[in-house]
*Asks:* 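Here it is, the structure, as structure tokens.
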Number of protein chains: 2
Amino acid sequence: MKTKLDILKQYGLSVTDSRKKILELFLNADGALAHADIEKNAAKNFDRVTVYRTLQTFVEKGIVHQIPTTDNSILYALCKQNCQQGHHHDDHVHFICSNCDKTICLDDVTIPQVKLPINFTKQQAAMVVTGVCEDCK
Amino acid sequence: MKTKLDILKQYGLSVTDSRKKILELFLNADGALAHADIEKNAAKNFDRVTVYRTLQTFVEKGIVHQIPTTDNSILYALCKQNCQQGHHHDDHVHFICSNCDKTICLDDVTIPQVKLPINFTKQQAAMVVTGVCEDCK
DNA sequence: ATAATTATGCAATACTGTTGCAAATAAAGA
DNA sequence: TCTTTATTTGCAACAGTATTGCATAATTAT
Ligand SMILES: [Mn+2]
Ligand SMILES: [Mn+2]
Ligand SMILES: [Zn+2]
Ligand SMILES: [Zn+2]
């Protein structure tokens with residue numbers, strides 16, 4: 001089984017308390033986390049700034065990916081595929097439950113292709129579906 | 001031709017200087033606008049708070065819709081279809097150009113259906129594609 | 001024209017995110 | 001293991017973003 005420590009080393013990061021703690025939060029979470037969630041659960045011991053910097057590092061390294069929202073908050077979730085430095089393979093759909101507010105990576109639901117107008121070139125695509133999740137059904 | 005005034009009346013809003021001005025900005029814009037854009041162009045005369053409240057009202061009424069981003073900013077764009085109070089028909093793809101940074105409503109590109117896992121119910125879907133736009137090609 | 005309703009501006013306040021720098025910690029090398 | 005080097009952290013200061021209550025001003029309805 002892959003430990004927090006393994007993951008940090010695998011991505012070439014030095015192993016520190018805050019990184020271990022924040023990574024643990026992701027491993028135990030059943031949905032995506034907002035900065036505020038992490039701050040609430042981890043920042044008792046760590047400075048706010050450290051949380052910002054850790055999340056930024058994790059995104060850069062490809063340990064977590066970001067999920068866009070329309071409420072001025074970014075959500076973060078563990079990358080499950082083989083994401084690497086500056087190259088995410090985050091082609092799955094995200095689901096936000098309007099009842100329990102959890103955001104879930106639907107790792108098996110691939111973002112469908114779309115035909116863009118002529119002269120538009122695609123680099124990345126994100127898809128967020130809102131609705132009612134299986135638990136709230 | 002439908003004027004600013006018509007639009008405001010159509011949605012049951014009282015006609016005020018700030019609403020007219022902000023609506024004008026949207027009508028003249030060739031892409032989506034961030035709060036900051038509006039503040040920069042309109043807030044010479046209006047208070048910041050008024051911009052917040054106006055955008056909120058426009059979203060509620062269905063005059064503009066929001067576009068999610070991963071940079072802690074919300075973008076707003078005019079609704080072109082028949083959106084109404086609390087019921088947006090915003091089923092088109094949004095395109096963010098990584099070169100010129102403009103965000104464009106691809107009104108003719110419909111968000112494709114996705115098959116959700118069992119016991120998940122869909123309410124809304126948003127899709128944001130990044131890449132290079134026709135002007136920057 | 002007047003009254004009732006609604007929107008605005010202002011001030012205060014809270015929340016969110018960034019930067020520089022010194023101290024602390026971790027990794028690399030002997 | 002001890003020492004050196006590189007990296008990370010916390011703090012403080014600051015800038016930017018968003019929300020609220022309330023008095024005043026503007027708009028709409030009568
Ligand atoms: Mn995901
Ligand atoms: Mn749009
Ligand atoms: Zn739910
Ligand atoms: Zn462009």
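Reminder, nothing fancy here: chain letters follow the sequence lines and each chain counts from 1. Just so it is clear, the values below take in all heavy atoms, side chains as well, and ignore hydrogens, waters and symmetry mates.
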*Asks:* What integer distance in Å separates B/Asp47:CG from D/dA25:P?
*Replies:* 15 Å

*Asks:* Mind calculating the distance between CG (B/Leu55) and P (C/dT8) to the nearest angstrom?
*Replies:* 12 Å

*Asks:* So does B/Ser18 get a side-chain nitrogen or oxygen closer than 4.0 Å to the phosphate oxygens (OP1/OP2) of C/dT8?
*Replies:* yes

*Asks:* Report for the helix from C/dA1-D/dT30 to C/dA30-D/dT1: angle between first-end and last-end helix axes, five pairs each, rounded to 10 degrees.
*Replies:* 40°

*Asks:* Could you give the CG-to-P distance, from A/Asn45 to D/dC11, as a whole number of Å?
*Replies:* 12 Å

*Asks:* Dump the intermediate steps for side-chain contact (heavy atoms from CB on, under 4.5 Å) on A/His94 and A/His92, then the final yes or no.
*Replies:* CA-CA 7 Å; A/His94 290 104; A/His92 58 272; 3.0 Å; yes

*Asks:* Just verifying a value: how many Å separate B/Lys20 NZ and B/Leu8 CG, rounded to the nearest 0.5 Å?
*Replies:* 8.5 Å

*Asks:* In whole angstroms, how far is the P atom of C/dT6 from the NZ atom of B/Lys20?
*Replies:* 19 Å

*Asks:* Scan B/Tyr76, B/Phe26, B/Phe58 and name whichever one has a side chain to side chain contact (heavy atoms under 4.5 Å, CB included) with B/Ile63.
*Replies:* B/Phe58

*Asks:* Tell me whether B/Phe95 shares a hydrophobic cluster with B/Ile111, the cluster being built from Ile, Leu, Val, Met, Phe, Trp, Tyr side chains joined at under 4.5 Å.
*Replies:* yes

*Asks:* Can a salt bridge be assigned to the pair B/Lys21 and B/Glu24 using a cut-off of 4.0 Å between side-chain N and carboxylate O?
*Replies:* yes

*Asks:* Looking at every strand, decide which applies to B/Thr57 at a 4.0 Å heavy-atom threshold: base, sugar-phosphate, or nothing.
*Replies:* nothing

*Asks:* Look up atom CG in B/Leu13 and atom CZ in B/Arg19, then write down how far apart they are to the nearest 0.5 Å.
*Replies:* 5.0 Å

*Asks:* May I have the distance from B/Phe46 (atom CZ) to D/dT24 (atom P), rounded to whole angstrom?
*Replies:* 22 Å

*Asks:* Hydrophobic clustering (ILVMFWY, side-chain heavy atoms < 4.5 Å, transitive) - are B/Val64 and B/Val51 grouped together?
*Replies:* yes

*Asks:* Write out a two-atom table: protein N or O, nucleotide N or O from nucleotides 16-23 of chain D, distance below 3.5 Å.
*Replies:*
from: D/dA18; atom 1: OP1; to: A/Asn72; atom 2: OD1; distance (Å): 3.2
from: D/dA18; atom 1: OP1; to: A/Asn72; atom 2: ND2; distance (Å): 2.6
from: D/dA18; atom 1: OP2; to: B/Tyr52; atom 2: OH; distance (Å): 2.7
from: D/dA18; atom 1: O5'; to: B/Tyr52; atom 2: OH; distance (Å): 3.3
from: D/dA18; atom 1: N7; to: B/Arg48; atom 2: NH2; distance (Å): 3.3

*Asks:* At a cut-off of 3.5 Å, list every protein nitrogen or oxygen paired with a nitrogen or oxygen from nucleotides 22-28 of chain C, distance to 0.1 Å.
*Replies:*
from: C/dA27; atom 1: OP1; to: A/Val15; atom 2: N; distance (Å): 2.9

*Asks:* Measure the shortest side-chain to side-chain distance between A/Cys133 and A/Ile104 over non-hydrogen atoms and say whether it is less than 4.5 angstrom.
*Replies:* yes

*Asks:* Are A/Leu106 and A/Met127 connected in the hydrophobic side-chain network, where two residues link if heavy atoms are under 4.5 Å apart?
*Replies:* yes

*Asks:* How far does OG1 of B/Thr50 sit from CD of B/Glu39, to the nearest 0.5 angstrom?
*Replies:* 10.5 Å

*Asks:* If only atom types and distance count, is the side chain of B/Thr70 paired as donor or acceptor with the main-chain N or O of A/Ile67 below 3.5 Å?
*Replies:* no

